[in-house]
Amino acid sequence: MRTDVTKITETSPYAELTEGLKIYAGGTSKKFHTGEWRTSRPIMNWEKCKQCLLCAPVCPDSSIPVADGKRGNFEMDYCKGCGICASVCPFGAIEMKEGQ
Amino acid sequence: MNTYDFKNTMSKPERLAPGHRMCAGCGGTIAVRAVLRGLHPEDQAVIGNATSCLEVSTFMYPYTAWEDSYIHNAFENAGATIGGVEAAYNVLKKKGKLKDADNFKFITFGGDGGTYDIGLQSLSGAMERNHDILYVCYDNGAYMNTGIQRSSATPLYADTTTTPVGSHSNGKMQNRKDLASIIADHNVPYAAQTTLLGNFKDIHTKAEKGIYTKGAAFLNVMAPCPRGWRYETSEIMDICKLAVETCYWPLFEVENGKWTLNYEPRKKLPIEDFLRPQGRFRHLFKRGNEHLLEEFQTEVDRRWEDLLFKSSRT
Amino acid sequence: MSIKERMSGNEAVSYAIKQINPDVMPAFPITPSTEIPQMVSGYVANGEIDTEFIAVESEHSAMSAAVGASAAGARTLTATSSCGLALMWEVLHIAASNRLPIALALVNRTLSGPININCDHSDSMGARDSGWIQIYAENNQEAYDNFIQAYRIAENKEVLLPVMICQDGFITSHAVENIELLEDEKVKAFVGEYEPEDFLLNPGKPMAVGPYAVTGYGMEAKKNQEIAMENSRSVILDVAREFAALTGRKYGYFEEYHLEDAEYAMLIIGSAAGTAKDAVDELRKTGKKVGILKLRVFRPFPGKEIAQALKNVKAVAVMDRSESYRGGGGPLGVEVGSALFMERVHIEAVNYIYGLAGRDFTVENAIEVFSEMEAMVTEGREVPQYQYVGLRK
Amino acid sequence: MNSRTIEMRWHGRGGQGAKTAALLLADVAFKTGKQVQGFPEYGPERMGAPITAFNRVSDHKIRVHSHIYTPDFVVVVDDTLLESVDVTSGLKADGAIIINTSRSKEEILPLLKGYKGGVYTIDARKISIAALGKYYPNSPMLATAVAVSGVMDTEEFLDEMQASFQHKFASKPEVVEGNMMALKMALEEVTRKQQEVA
């Protein structure tokens with residue numbers, strides 16, 4: 001069954017689920033926003049950021065995008081607020097703040 | 001192998017998408033991301049996965065966090081499963097049924113439960129048969145998925161839900177199994193041990209070697225679990241560093257039987273430094289339990305000396 | 001023109017495998033199915049097929065690797081018996097729920113304990129609810145024919161389920177008998193190429209297999225799997241029709257032997273059906289109206305058809321070659337009884353357990369069963385509804 | 001059961017080739033156009049343990065899949081079995097038993113529990129060593145079984161065996177010759193004994 005996987009929800013009738021619950025695509029989890037789990041958020045101070053990128057690999061949620069050797073803004077749809085990035089930043093450019 | 005260019009490596013397209021349900025601060029997904037950066041961007045992969053936190057969180061129907069093809073089978077059979085995929089690839093290529101697909105790599109992930117314990121036979125078989133795969137164990141030292149029960153990777157004296165500290169117990173009474181050595185003794189082309197450090201050069205280099213070594217490769221990655229180890233989520237990188245600096249978790253690799261120690265601390269730190277930040281070892285720091293720490297240190301020293309000996313052989 | 005040959009049941013299935021030339025076969029030896037992986041390894045070693053044979057370290061890994069290979073897009077099979085099938089149990093369910101058209105050559109042998117290498121159906125009956133199609137053979141010919149039909153059923157887009165092709169350990173697997181084989185090219189044409197729509201190795205089209213499904217999806221997924229099993233009913237018959245057109249050998253859910261006017265019927269699976277047919281011939285000579293329903297397809301279970309086929313008999317002996325330990329009979333006893341009830345077919349039924357752990361089943365045994373049924377109906381003899389054949393008392 | 005089905009039971013010891021002989025008989029009978037069955041009784045027995053194998057040969061399709069309890073013929077590949085195994089069990093009175101032994105028929109008879117049917121002794125060791133230089137009882141026993149049971153014409157049997165040996169030992173013509181000689185010697189011996197009986 002080649003149902004459009006992006007349209008499958010917990011209210012879909014059985015005939016609309018994929019056969020064997022296979023998913024014919026990669027990275028569909030991006031539809032699910034784990035940012036809602038957050039109880040504290042990282043705040044970026046771009047002036048202090050030296051683009052060393054040490055924060056990028058430590059993010060468990062792939063929420064620090066890097067392109068052409070430079071990091072961008074946090075993907076707040078997914079960031080769970082663990083604070084590892086703030087902890088490893090040698091320049092104090094990331095600060096964790098309570099709240100979503 | 002190219003020399004490690006951190007910025008270029010970090011600029012590669014992400015192969016583990018966000019939106020997965022792993023815990024905040026999870027070491028497992030940091031490890032997975034690092035391993036997947038070892039894949040060259042032009043190559044495709046089939047990712048295998050033993051049942052684990054990683055599996056139930058990264059492929060929760062209909063959401064897959066994997067950008068590559070992915071297969072989860074069961075808890076105890078990740079080795080055999082990815083072996084089957086690799087065999088299929090070889091024969092379909094041979095029969096000319098896979099056009100434009102000569103760049104598949106096979107990587108499978110298991111936790112220590114699925115790798116050290118219930119899946120050991122399947123892993124051992126896959127290694128002995130020398131399938132062209134990389135098996136990565138993200139070792140967080142207990143069955144975290146089911147609520148922190150001890151595994152054979154759990155360190156001595158750790159407080160877990162099946163080795164609880166009590167009036168008659170100091171936690172787990174046995175030493176942890178040394179799986180990387182066991183796999184190295186399968187005489188596979190490549191076996192290595194690493195963890196999450198600094199700019200991730202060590203894990204990246206080993207993942208890339210493992211993926212691009214012809215034949216079976218195994219990578220054991222210490223991946224701390226803030227919930228099971230009971231430390232502040234933000235402190236993960238310090239914990240990993242202390243594991244290495246105390247020689248609790250040495251970085252080594254075994255290439256075709258040749259052991260190489262990748263890092264030797266200038267000054268070996270006492271094991272207390274690694275244990276103290278973790279709630280699972282809190283009881284070791286009570287007055288009267290000094291002998292337990294001594295025992296722990298003795299075992300760390302013994303294994304370190306053994307590794308020094310193995311890696312000094314030429 | 002078919003090729004007249006003689007070979008054992010294991011040779012027959014191995015020969016079918018050779019003619020099909022599947023892509024991947026992971027297997028681990030276990031008596032009495034061991035010869036199959038041995039023969040396939042031989043074909044590979046001699047370049048007669050280019051199947052990738054994986055000599056795994058357990059049956060568990062055999063089925064696990066089969067799941068990986070099948071999901072990757074390869075036509076896949078394995079072979080096993082008894083405890084080997086039991087060790088696969090968890091993964092059997094996964095193969096079915098992932099909708100992977102794997103073929104399994106099962107050579108039936110009793111499950112331990114006690115350890116015993118001979119035939120009964122406790123292994124496959126134990127796996128009856130694993131979501132696999134199950135097809136049984138009376139002899140080497142049927143084992144061969146069923147195996148050639150297996151992939152056509154399993155790989156049908158409306159089905160996509162794994163299929164178990166069963167034959168009786170030693171009794172047919174190791175008995176050399178006459179057989180008619182098909183020419184290689186006819187088998188190849190009949191079975192066709194496997195062209196999966198979606199598979200792990202499809203370049204540029206990633207696929208994910210084996211998810212965690214929350215309650216909101218799990219039940220719907222299982223219903224879909226059940227529908228696939230229902231779909232297999234017509235596919236099994238369609239494939240059999242095509243096969244009959246090719247070979248002249250007719251197959252259905254079951255074979256009826258002198259059942260049309262029978263007053264007493266025996267429902268039986270596997271090699272013992274042949275023995276029972278000889279008993280029917282002997283009894284018919286003396287004027288007894290007796291017949292056989294030889295069940296070929298046990299999953300999906302053709303309950304309605306069985307009930308309809310039996311509706312005019314006075315009594316049926318339901319023959320189970322495995323014990324359910326439910327305190328009252330075997331699996332066929334339950335399912336046939338249930339089918340008769342659901343179809344409102346009110347006939348006498350007795351559940352006999354026979355042939356456990358290789359206990360021989362003879363023509364005389366079958367005659368005794370028929371006699372007992374007749375006595376029950378005509379003389380009102382009290383007959384326990386569940387009993388053993390050939391048990392030392 | 002079809003009256004024209006001939007049932008034969010083989011007794012031997014693990015490793016002596018009784019199973020192989022039964023399968024060979026099925027093979028050669030098949031080649032002469034018969035419907036056949038050849039199967040051993042299986043257990044975990046190893047080298048030296050008593051084993052049983054069976055044959056059915058018929059002009060009609062064989063459906064029965066039980067062991068053979070009332071054989072027409074019994075073949076004993078090792079006479080030491082006579083002490084421990086009830087070889088004549090169920091053997092039809094109008095049938096025959098064939099025993100590989102260097103002893104005389106008179107010496108053997110007391111071990112057969114009063115069996116009244118045909119009794120044939122054949123010294124397969126002597127024949128095998130004379131023909132092949134080694135002790136392989138299969139060829140002489142097979143020839144004897146064919147001659148005594150009459151499951152097929154002996155000339156046809158020899159032709160089929162010749163073809164089969166030539167296929168099997170394509171690179172060793174001397175083995176083909178030796179085996180053929182063993183078959184022929186056994187056939188001659190049986191014919192002589194049959195004439196004595198007549």
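Side chains are part of it too, since the values below use all heavy atoms of this structure and drop only hydrogens, waters and symmetry mates. Numbers restart at 1 for each chain; the letters A, B, ... are given by sequence-line order, proteins then strands. Fair warning: this is a prediction, and the values are worked out from it, not measured in the lab.
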Subject >> Top of A/Ser29, A/Ala56, A/Cys82 for chain B proximity - count of heavy-atom pairs under 4.5 angstrom >> reply: A/Ser29

Original post:
What residue, out of A/Ile23, A/Ile64, A/Thr34, has the most heavy-atom pairs lying under 4.5 Å from chain B?
Top reply: A/Ile23

Original post:
Is there a donor-acceptor contact under 3.5 Å from the side chain of B/Asp112 to the main chain of B/Asn140?
Top reply: yes

Original post:
If you tally heavy-atom pairs under 4.5 Å against chain B, which of A/Val58, A/Thr9, A/Asp68 wins?
Top reply: A/Val58

Subject >> Region of A/Glu10 in contact with chain B, defined by heavy-atom distances below 4.5 Å >> reply: neither

Original post:
Which atoms of A/Ala86 come close to chain B, meaning under 4.5 Å heavy atom to heavy atom: side chain ones, backbone ones, both, or neither?
Top reply: neither

**OP:** Answer yes or no: is there a donor N or O on one side and an acceptor on the other, between the side chain of B/Tyr89 and the main chain of B/Ala101, under 3.5 Å?
**Re:** yes

Subject >> Toward chain B, the part of A/Val88 with a non-hydrogen atom under 4.5 Å >> reply: side chain

Subject >> NZ/NE/NH1/NH2 to OD/OE distance under 4.0 Å, A/Lys80 and A/Asp61 >> reply: yes

Subject >> Within 45° cone of B/Tyr4 ring axis and under 6.0 Å: B/Lys201 NZ or CZ >> reply: no

Subject >> Donor on one side chain, acceptor on other, A/Asn45 and A/Glu95, under 3.5 Å >> reply: no

Original post:
Taking B/Glu232, B/His204, B/Arg21 one by one, which has the highest count of heavy-atom pairs under 4.5 Å against chain A?
Top reply: B/Arg21

**OP:** Please work out which of the three classes, parallel, tilted or perpendicular, describes the rings of B/Phe104 and B/Phe106, given edges at 30° and 60°.
**Re:** parallel

Original post:
Any side-chain donor paired with an acceptor under 3.5 Å for B/Thr246 and B/Asp273?
Top reply: no

Original post:
Quick check: does any side chain N or O of B/Arg37 sit under 3.5 Å from a backbone N or O of B/Lys12, one acting as donor and the other as acceptor?
Top reply: no

**OP:** Go through the atoms of B/Asn8 and report whether side chain, backbone, both or neither lie under 4.5 Å from a heavy atom of chain A.
**Re:** neither

Original post:
Is a side-chain donor or acceptor of A/Asp77 paired with a backbone partner of A/Gly35 at a separation under 3.5 angstrom?
Top reply: no

**OP:** Pick whichever of B/Gly19, B/Ser11, B/Pro18, B/Ala31 has the most heavy-atom pairs under 4.5 Å with chain A.
**Re:** B/Pro18

Subject >> Residue-level contacts of residues 50-69 of chain B with chain A, using a heavy-atom cutoff under 4.5 Å >> reply: B/Phe59, B/Tyr61, B/Pro62, B/Tyr63, B/Thr64, B/Ala65, B/Trp66, B/Glu67

Original post:
chain B: which of A/Glu75, A/Gln51, A/Lys22 shares the most heavy-atom pairs with it under 4.5 Å?
Top reply: A/Gln51

**OP:** Please examine the side chains of A/Leu54 and B/Phe6, heavy atoms only from C-beta on, and report whether any two atoms are closer than 4.5 Å.
**Re:** yes

**OP:** Could you look at B/Met237 and say if it's the side chain, the backbone, both or neither that has a heavy atom under 4.5 Å from chain A?
**Re:** side chain

Subject >> Side-chain donor/acceptor of A/Ser87 to backbone N/O of A/Gly83, under 3.5 Å >> reply: no

Original post:
Any sub-3.5 Å donor-acceptor pair from B/Lys206's side-chain atoms to B/Gln193's backbone N or O?
Top reply: yes

Subject >> A/Tyr78 versus chain B, the contacting section by heavy-atom distance below 4.5 Å >> reply: side chain

**OP:** Could you label the plane-to-plane angle of the B/His40 and B/Tyr212 rings as parallel, tilted or perpendicular, counting under 30° as parallel and over 60° as perpendicular?
**Re:** parallel

Original post:
Which answer fits B/Ile236, side chain, backbone, both or neither, if we ask what part of it has an atom under 4.5 Å from a heavy atom of chain A?
Top reply: side chain

Original post:
In terms of heavy-atom proximity below 4.5 Å to chain B, should A/Cys59 be classed as side chain, backbone, both, or neither?
Top reply: both

